[in-house]
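Numbers here are sequence positions counted from 1. Please read these numbers as outputs of a predicted model, since none were measured by experiment.
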Amino acid sequence: MTDIDTKQAQAPVVPSASLLSPLGLDEVRITGGYWARRQSANSSATLEHIEHWLEREGWLPNFDLAAAGRLPQDRRGREFSDSEIYKYLEALAWEIGRTGNEELDQRFTAIATRVLAAQEPDGYLNTNFGRPGQGERWSDLEWGHELYCAGHLFQAVVARQRTRPDAEDGLYAGALRFADLICDVFGTDGIQSVCGHPEVETALVELGRTAGEPRYIEQARLFVERRGTGVLRDIEWGRSYYQDDVPIREAEVLRGHAVRANYLASGAVDVAVETHDAPLLANLEGQWSRTIARRTYLTGGQGSHHQDEAFGDDFELPSDRAYSETCASIASVQFSWRMLLSRTGRSYADLIERTLHNVVATSPSQDGRAFFYANTLHRRTPGAVADTEAASPRAEASLRAPWFEVSCCPPNVARTFASLDTYLATTDAQGLQLHQFASANIATRLPDGEEIAVEVETRYPDEGTVRVRILKDASRPWTLSLRVPAWAGSARVSVLSDGGASEETSSVEADYATVTRQFAAGDTVELELPFEPRFVRPDPRVDAVRGSVAVERGPIVYALESVDLPEGSDSVDDYTLDDSIEPEFEDGRLFVHLRARRAAEREWPYQVDVDEEVDQLIRVPLVPYCGWAERGPSTMRVWLPLT
């Protein structure tokens with residue numbers, strides 16, 4: 001494939017040129033099934049829930065206080081609380097673009113008005129710095145999050161401009177003034193430093209793409225190149241915490257704070273693409289590959305340290321201490337999506353699928369009003385039900401909580417679900433690529449003007465059949481490409497001509513199943529993926545789960561939850577798995593065979609020989625990991641020790 005120019009799609013990422021072109025909300029619409037249900041909860045419940053808490057906790061009223069001159073004495077929330085309002089605005093913008101909801105549009109405008117009222121005459125906008133009694137602007141780049149907050153503002157504005165370019169709320173002009181100020185302050189002759197929390201880099205690039213302003217892209221490049229040269233103060237966790245230990249061109253793997261690392265990598269990809277920096281892009285490809293091979297959980301989660309929310313060393317992936325922050329997974333999806341557009345390859349789409357289904361979808365409750373901040377793979381004791389009237393400590397909430405003292409995850413989930421349609425498919429000069437599977441309608445044009453319209457029907461991730469029905473006659477042959485996930489091994493593809501006149505069926509073992517023909521309306525391409533449940537075994541270098549197995553079916557990771565154990569049992573740690581009996585899927589539930597184990601109490605737990613009683617075999621259902629803790633407090637584990 002060769003580079004093709006891309007239009008300004010209604011999407012979060014729109015490179016000026018890429019191997020694959022992203023499609024916007026006006027071209028792809030999820031119409032039913034699993035992701036449609038999650039989007040419905042996001043639209044009908046989560047967005048309102050977030051705004052309620054932003055008001056209640058005082059984070060949104062901070063802008064009113066700033067306009068009224070009542071800061072800092074009445075300010076509430078952490079130094080980065082402004083960013084949650086901006087992420088919420090971004091979620092609203094994508095949801096408005098997705099649904100055309102006029103009530104949400106009015107809410108967006110009302111909040112934008114309150115935000116802009118706090119903007120300083122020179123464009124500066126932050127409620128935590130710059131006023132009498134507050135720290136000076138840019139005086140705490142390590143922890144102040146000023147540029148981080150600005151980045152989320154810019155991303156909200158990009159979403160708004162791409163979905164409602166005729167909006168008259170004034171936020172776009174305000175963001176441009178702030179971006180100009182940042183370029184003046186941090187340009188070549190300005191402050192030679194970066195933000196302790198990467199984020200503004202990718203935001204500046206996307207704002208530059210939207211506004212047609214190369215100055216913003218150049219400033220993003222400066223930020224990327226400065227990081228890793230020791231421009232930030234050292235801290236107790238080391239400069240690797242905010243990726244200021246090694247220049248990005250010399251780094252071999254993602255390290256430090258997992259959200260920061262993925263946001264920086266995403267911004268670096270954007271910079272590399274816009275500046276045609278092939279060596280930088282190749283280095284990021286290596287960082288991505290090594291991180292996936294050595295520092296990523298089975299669920300796609302990243303970050304094994306609670307202390308600093310950070311990556312551990314290679315293969316340091318403890319289940320019971322997994323941090324696996326929801327925001328880190330969302331940032332990982334952003335990194336992988338950018339790599340997919342610029343480098344292509346099934347592995348990127350595979351990780352996006354794994355992460356979306358097993359971390360991002362795990363965080364929010366089914367009703368969209370409670371969230372996990374961290375996503376452990378092993379819960380040893382039943383958790384405590386969170387107080388619905390109080391914000392919870394971020395990583396100490398043992399069950400989903402309605403809000404957190406650091407509540408970055410809820411609005412991050414909201415903006416991801418609202419824009420999820422844009423991660424399904426791409427185009428290139430040859431045709432249409434389907435990377436993620438959901439019932440959807442897709443209508444777009446190829447670079448030469450060829451119109452494509454298809455309808456996707458599937459019950460994925462419950463079943464492995466994906467049908468793509470052609471809705472428009474083609475004037476020339478084009479290629480439909482359907483991802484065959486690595487977990488599938490192979491797939492079968494059938495092509496049924498309009499009216500059933502002819503049928504072709506073939507087995508496919510490639511990364512993508514491709515069908516090239518001059519399609520006619522009514523033609524159907526059907527992908528059949530094997531959906532038998534399977535045991536998964538860890539790399540032996542992952543010490544924490546050596547001698548254990550996990551169970552997957554399709555893209556879904558399963559877990560043992562104590563509510564499914566025999567009456568009187570409350571700990572998943574009292575059971576071992578008999579892997580001589582294959583997992584079974586019946587009536588929509590997945591079953592495995594376990595044996596209870598009981599060891600005698602001892603004064604000293606380490607013995608030469610350890611006797612253990614093992615009970616008779618029992619058949620127990622597993623639950624999709626994304627659905628655990630929906631039935632009340634429980635113990636849970638993904639990796640099951642072998643008998």
Side-chain contact, heavy-atom cut-off 4.5 Å: Ser365 with Phe372?
no
Is a side-chain donor-acceptor pair under 3.5 Å present for Thr444 with Glu27?
yes
Please check if the side chain of Arg492 supplies one atom and the backbone of Leu529 the other of a donor-acceptor pair under 3.5 Å.
no
Quick one: do Glu561 and Ser634 satisfy side-chain hydrogen bond (donor to acceptor under 3.5 Å, both in side chains)? Show the steps, please.
CA-CA 6 Å; Glu561 197 172 4; Ser634 65; 2.8 Å; yes
Would Phe437 and Tyr34 count as a close aromatic pair, with their ring centres under 6.0 Å?
no
Is the backbone of Phe417 close enough, under 3.5 Å, to the side chain of Asn42 for a donor and an acceptor to pair up by distance?
no
Please check if any side-chain donor atom of Arg459 sits under 3.5 Å from a side-chain acceptor atom of Thr465, or the reverse.
no
Report the C-alpha distance between Thr326 and Phe371 in whole Å, list the side-chain angles of each, state the deciding distance to 0.1 Å, and finish with yes or no for side chain to side chain contact (heavy atoms under 4.5 Å, CB included).
CA-CA 9 Å; Thr326 300; Phe371 307 84; over 6 Å; no
Show your working on side chain to side chain contact (heavy atoms under 4.5 Å, CB included) between Ile352 and Met339 and close with a plain yes or no.
CA-CA 11 Å; Ile352 290 172; Met339 292 302 298; over 6 Å; no
Checking Arg160 against Tyr172: charged group under 6.0 Å from the ring centre and within 45 degrees of the axis?
no
With ring centroids as reference points, do Tyr348 and Trp337 lie under 6.0 angstrom apart?
no
Check whether the ring centres of Tyr625 and His357 lie less than 6.0 Å apart, and answer yes or no.
no
Sequence neighbours left out, what passes side-chain hydrogen bond (donor to acceptor under 3.5 Å, both in side chains) with Arg354? Give chain and number order.
Glu552
Indicate the ring-plane relationship of Trp478 and Phe519, choosing parallel, tilted or perpendicular according to the 30° and 60° boundaries.
tilted
If the threshold is 4.0 Å, N to carboxylate O, is there a salt bridge linking Arg619 and Glu586?
yes
Just wondering, are more than 12 heavy atoms of other shown residues or ligands nearer than 6.0 Å to CD in Glu509?
no
Considering residues at least two apart in sequence or located in another chain, which fulfil the ring pair (Phe, Tyr, Trp, His ring centres under 6.0 Å) criterion with Trp94?
none
Pick one: which of Asp421, Asn441, Val456 meets side chain to side chain contact (heavy atoms under 4.5 Å, CB included) with Thr31?
Asn441
Would you say the side chain of Leu104 lies within less than 4.5 Å of the side chain of Leu47, judging by non-hydrogen atoms?
yes
Count the heavy atoms of every other residue, nucleotide or ligand shown that sit under 6.0 Å from CD of Glu48, and state whether that count exceeds 12.
no
Side-chain heavy atoms of Leu23 within contact of Thr427, under 4.5 Å
yes
Is a side-chain donor or acceptor of Asp350 paired with a backbone partner of Ala486 at a separation under 3.5 angstrom?
yes
Between Glu457 and Ser439, is any side-chain donor less than 3.5 angstrom from a side-chain acceptor?
no
Using the side chain to side chain contact (heavy atoms under 4.5 Å, CB included) rule, take Ser494 and Glu503 through it: C-alpha gap first, then chi angles, then the decisive distance, then the call.
CA-CA 7 Å; Ser494 300; Glu503 185 176 0; 4.2 Å; yes
Closest heavy-atom pair, Asp498 versus Gly522, reported as atoms and distance to 0.1 Å, is OD1-CA, 3.6 Å
Step through the shown structure and confirm whether more than 12 heavy atoms of other residues, nucleotides or ligands are within 6.0 Å of CG on Asp587.
no
Ion pair check, Glu206 and Arg209, cut-off under 4.0 Å:
yes
Less than 4.5 Å apart, side chain to side chain, heavy atoms only: is that true for Arg295 and Gln302?
no
Would Val525 and Leu527 count as a side chain to side chain contact (heavy atoms under 4.5 Å, CB included) here? Give the steps.
CA-CA 7 Å; Val525 177; Leu527 179 71; over 6 Å; no
Check step by step if side-chain hydrogen bond (donor to acceptor under 3.5 Å, both in side chains) holds for Thr202 and Asp270.
CA-CA 6 Å; Thr202 190; Asp270 290 331; 2.4 Å; yes
When you look at Asp578 and Ser580, which way does the side-chain hydrogen bond (donor to acceptor under 3.5 Å, both in side chains) test go after all the steps?
CA-CA 6 Å; Asp578 189 333; Ser580 68; 2.5 Å; yes
Could you tell me whether Glu463 and Arg553 make a salt bridge, using a distance below 4.0 angstrom between a side-chain N and a carboxylate O?
no
